[in-house]
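Everything numeric here is computed off the predicted structure, so don't read it as measured data. Throughout, a chain's letter reflects where its sequence line sits, starting with A, and its residues are numbered from 1.
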Amino acid sequence: MKNQKKEDISRKEALKKIGNYGKYAALTAVGTYIFLNPKKAQAMSPVDPGSGF
Amino acid sequence: MDLALIKQLEDKAVVWFKNSNQYIVVEKLTASIIEQLLCKESTQKIAKSLVDELDIPMIEALNFVTDLNKQLVIPNTIKHTEENSAILEYEVPLSFAFENYYLINSKIIKVVFSTEFELSLVHPKFAHLETTATTDIDFLFQVFNNSKDTFLIVDGIFVGAWTHENIHYFQGKFCMKIIESIYQKKENEWMGVFHASAINYKEDALLILGDSGNGKSTSLALLQAQGFHCIADDFVPIDTNHKVVAFPAGISIKPKAVDVLISEYPSLKMAAEYYYERLNKTVRYLPPKNINYKKKFPCKALVFIKYDTSVELKVSKISNLEAFESLVPDSWISKVSENAASFLTWFSNLPCYQLTYSNNEMMYATIKSIFEEEL
């Protein structure tokens with residue numbers, strides 16, 4: 001079984017962590033993007049011309 | 001700002017970069033920062049506005065703007081050298097083993113192939129358009145190989161050379177050259193070519209999209225049998241006026257679909273079967289009916305289709321953002337700025353649907369309702 005690391009932190013520390021996250025959540029959102037590349041050239045559905053012709 | 005285009009799409013923005021021909025979906029605020037960076041606004045000034053907007057420390061804002069510039073703006077605005085632009089040395093064979101003539105939109109295209117391999121790459125899809133040999137031709141396509149690459153020459157002009165791994169790009173370019181020839185429009189006069197099936201009803205077109213095996217072509221064939229007209233299968237050209245035009249290649253039908261279609265298309269039983277070894281795929285081609293080259297159709301909607309035996313019929317409108325993510329990587333979109341802008345305008349106004357079905361009658365009715373805007 002996989003060992004799980006358990007980490008106890010104080011309430012104060014937890015708030016500090018959440019606080020930082022909350023503060024920068026908006027920044028994380030604006031820093032998220034999706035890259036989409038169209039095909040470099042026109043293509044047909046990939047078809048391997050085998051020996052069947 | 002001729003290096004990029006920015007278009008709002010639902011609650012996000014799409015940024016298109018000319019030099020990389022890349023589309024990036026970002027938050028609207030990010031798009032505005034990119035716009036300012038492209039306009040050479042100072043990083044300090046942009047960061048300051050970000051501080052006000054997000055209530056974050058200046059140092060974080062500065063880092064963010066600098067990173068955005070480094071990650072998105074600079075890599076996408078440097079000038080790339082044109083790939084595959086080098087003209088390979090080649091020698092056109094003195095004779096060709098196969099000489100075929102195709103009649104498409106009143107044009108006679110003579111295509112010569114050096115080997116059976118080249119012939120097998122394109123002929124099956126166009127076999128139904130074959131016509132008798134003549135000296136009165138409109139275009140001459142020469143297809144040959146030099147053991148490594150497959151070459152395409154059109155009317156004496158080198159078009160390109162492709163390795164075996166890229167052979168679907170050869171097939172794509174061959175089809176593009178057919179389109180350019182029969183409609184007398186150069187590549188830069190097309191908005192894009194979409195991996196879809198296109199059908200027509202009355203004065204409009206619909207694009208049927210979906211992953212391979214989802215049933216695009218089968219749905220197209222079924223709809224054609226119901227009186228809808230086929231415009232194109234697998235390769236759907238749309239011009240810069242947002243009109244879908246006919247491309248008459250055969251509709252590819254897989255063995256499973258033959259049983260579904262045989263009652264409507266008895267000729268499929270005897271149709272030649274082509275076996276594609278690497279994909280372990282067997283295909284028959286169904287000639288499209290009533291191809292009308294004179295008419296061009298505005299696209300009414302995009303329909304992402306899926307044939308699923310566990311679902312009688314389920315249809316829902318999907319977000320354009322979701323559709324955009326599926327559409328772009330599967331399409332050739334012209335990288336001419338005006339055409340990319342035209343594409344973004346066209347797409348942002350297009351209704352998109354997801355349609356899953358196993359009940360054909362219900363599918364026909366749904367498609368008709370989409371055409372008639374009754375859904």
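- For B:His123 and B:Tyr274, the gap between ring centers reaches or exceeds 6.0 Å.
- You'll find the side chain of B:Val143 reaches within 4.5 Å of the side chain of B:Phe170, heavy atoms only.
- Interface remark: B:Leu72 contributes side-chain atoms only to the contact with chain A (heavy atom separation under 4.5 Å).
- Counting heavy atoms from C-beta on, the side chains of A:Gln42 and B:Cys175 never come closer than 4.5 Å.
- Of the listed residues (B:Val328, B:Thr30, B:Val193), the greatest number of heavy-atom pairs within a distance under 4.5 Å of chain A belongs to B:Val328.
- Heavy atoms of B:Asn166 lying under 4.5 Å from chain A are absent altogether.
- Each of B:Val283, B:Leu68, B:Ile24, B:Ile333 has some count of heavy-atom pairs under 4.5 Å with chain A, and the biggest count is that of B:Ile24.
- Ring pair B:Phe174/B:Phe126 is tilted by interplanar angle, where 30° to 60° counts as tilted.
- Ranked by heavy-atom pairs under 4.5 Å with chain A, the first of B:Trp16, B:Phe64, B:Phe235 is B:Phe64.
- The aromatic rings of B:Trp346 and B:Phe343 sit tilted relative to each other, their planes meeting at an angle between 30° and 60°.
- Side chains of B:Leu50 and B:Leu29 form a contact here, defined as non-hydrogen atoms less than 4.5 Å apart.
- Heavy atoms of B:Lys28 lying under 4.5 Å from chain A are absent altogether.
- Of the atoms belonging to B:Ser331, it is backbone heavy atoms, and not side-chain ones, that fall under 4.5 Å from chain A.
- Heavy atoms closer than 4.5 Å to chain A are found in the side chain of B:Glu187, but not in its backbone.
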